[in-house]
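Reading through the structure tokens given below for one structure.
These numbers were taken from a predicted model, which means no experiment stands behind them. Sequence lines set the chain letters: A, B, ... in the order given, protein chains first and strands last, and positions in each chain run from 1.
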Number of protein chains: 2
Amino acid sequence: MTTREEISTGSSRAKIISTCTELFLEHGFAGTSMSAIAKACQMTKASLYYHFSGKEDLFIACVTDGYGVALRALQSIVADETAAPHDKLKRALIALYETTISSPVGRMSPLIAEVSRAFPSVARSFHSEYIAPQQALLWQIIEAGIASGDFRAVDRKQLFHIVFGPMVTLSLSREMFASFDDLDEHFPVEELRDSHIEVIIRMIRA
Amino acid sequence: MTTREEISTGSSRAKIISTCTELFLEHGFAGTSMSAIAKACQMTKASLYYHFSGKEDLFIACVTDGYGVALRALQSIVADETAAPHDKLKRALIALYETTISSPVGRMSPLIAEVSRAFPSVARSFHSEYIAPQQALLWQIIEAGIASGDFRAVDRKQLFHIVFGPMVTLSLSREMFASFDDLDEHFPVEELRDSHIEVIIRMIRA
DNA sequence: GTCTATACAGTGATAGAC
DNA sequence: GTCTATCACTGTATAGAC
């Protein structure tokens, strides 16, 4: 399934988006100039304006671009009918860590915060097209577990607070302190992830 | 105890810092111009440059300014010799929520992420003068509880992951989605805080 | 679809009067 | 300690040739 954008203007657009996403992640929205983007893409500013109506449009494309990919991994786990609730939950949490910490969309949260007042529509889209679907998918697993008696009945918002909080903060911390040479020692992803998953499992087990 | 800055140039500096902090929080670092700051402070750019050597210096002052106040609440809780470990922990967590979500320093995390590559020294200062002392203070309570047999022996990093993760993410979310008119319904601070505290207590209780 | 050239408002920062 | 005036530069965005 290819989206309309992917076939309309070919690969130039895709190349700009991926190059540009890196720049935004590294320097922020206001800190990344159209000139810098053009240079990194090895083209002129005028060419950028052929593909995108402006800087805001370009930013929205960068944010939106990864929604599908980021959600797909989770979707396939939810769709798996053979696995037990505990297993599905564990795999879903690992996938969420991967997405939140390593994928562009996940790492873009601080950027959304930066532009949210100037462009509230970006924040709305981020929530309705990424955050909300992600939560809905995870909740499908939880609900099935509750129905089958494997999980305790838990409050949705309170659970999400405990589930997403640590992974998002870990992502933010790793962006904030990216310049530290002992980053992985301060913020070891797998070690923190695994102990976090244990806490969640203990919390929700019936 | 007054710092050297507080007495040297009087109240102009303090006024600039508080006004400027609001602007940075609202528009980000690169998104806030010296002209806008001058206007909000009801003075000219040249006057700003009399008090601060440049925009970066001004930003550092805004971030650094709140360290003391933010840590003081926690310090007084740690210093209390009469309270039991459980009580101290609970009070400390409530104080941390207050600081992380409502104080300027706490809300500045996304900003640090924004400028961290351009000015790694800001990130280092934020970590060594704010994050690390905060963690050290909390850890004093935990250690005392472990020594007295009230708390289980827990891994420091893993505990911090569960403790700070949700509150930082809640702060970030409230910044990201500040434009939502149903913000408090999506992200109700006290409800989420209290259930989070229960999880922590259950997790650490001997 | 990509280029050169350009418009022009806004940027951080400074000099020097008061 | 605050001002006016100005600096050199970069910002986003566009017009029009190829």
Exercise. Parallel, tilted or perpendicular: which describes the rings of B:Phe164 and B:Phe160, with under 30° parallel and over 60° perpendicular?
Worked result: perpendicular
Exercise. Where the side chain of A:Thr44 is defined as all heavy atoms beyond and including C-beta, which of D:dC3, C:dT4, D:dA13 is the nearest nucleotide?
Worked result: C:dT4
Exercise. Among C:dG12, C:dC3, D:dT12, which is the nearest nucleotide to the side chain of A:Ser35?
Worked result: D:dT12
For this session: Describe the nucleic acid contact of B:Ser33 in one word from base, sugar-phosphate, nothing, applying a heavy-atom distance below 4.0 Å.
Result: sugar-phosphate
Problem set entry | Spacing of B:Phe59 atom CZ relative to C:dA13 atom C1', expressed in whole Å | 19 Å
For this session: Tell me whether the OP1 or OP2 atom of D:dC3 has a side-chain N or O from B:Ser47 closer than 4.0 Å.
Result: yes
For this session: Calculate the interatomic distance between A:Ile16 atom CD1 and C:dG1 atom C1'; express it in whole Å.
Result: 10 Å
Problem set entry | Nearest-neighbour nucleotide for the A:Met43 side chain, C:dG1, D:dC3, C:dC3 considered | C:dC3
Problem set entry | Euclidean distance, atom CG of residue B:Leu48 to atom P of C:dT11 [Å, nearest integer] | 13 Å
For this session: For A:Tyr50 and D:dA15, give me the distance from atom OH to atom P, rounded to whole Å.
Result: 16 Å
Problem set entry | Salt bridge present between B:Glu198 and B:Lys90 (N-O < 4.0 angstrom) | no
Seminar exercise, completed: Note: for B:Gln42 and A:Thr32 on DNA chain D, the residue whose nearest nucleotide lies more 5' is B:Gln42
For this session: Find the distance B:Lys55:NZ to C:dT14:P and express it as a whole number of Å.
Result: 15 Å
Exercise. How long is the line joining NZ of B:Lys15 and P of D:dT2, in whole Å?
Worked result: 10 Å
For this session: Using atom NZ of B:Lys45 as one end and atom C1' of D:dA8 as the other, report the distance to the nearest whole Å.
Result: 12 Å
Exercise. With under 30° as parallel and over 60° as perpendicular, where do the rings of B:Phe177 and B:Phe187 fit, or are they tilted in between?
Worked result: parallel
For this session: For the side chain of B:Ala46, starting at C-beta, report the closest nucleotide among D:dT2, C:dA13, D:dC3.
Result: D:dC3
Exercise. Can you tell which of A:Glu190, A:Arg193, A:His196 makes a side-chain hydrogen bond (donor to acceptor under 3.5 Å, both in side chains) with A:Tyr97?
Worked result: A:His196
Exercise. A:Met34 has an atom CE; how far is it from atom P of C:dA9, in whole Å?
Worked result: 20 Å
For this session: Look up atom CD1 in B:Ile16 and atom CG in B:Asp65, then write down how far apart they are to the nearest 0.5 Å.
Result: 12.0 Å
Exercise. What nucleotide, of D:dA13, D:dC3, C:dA13, holds the atom closest to the side chain of A:Tyr49?
Worked result: D:dA13
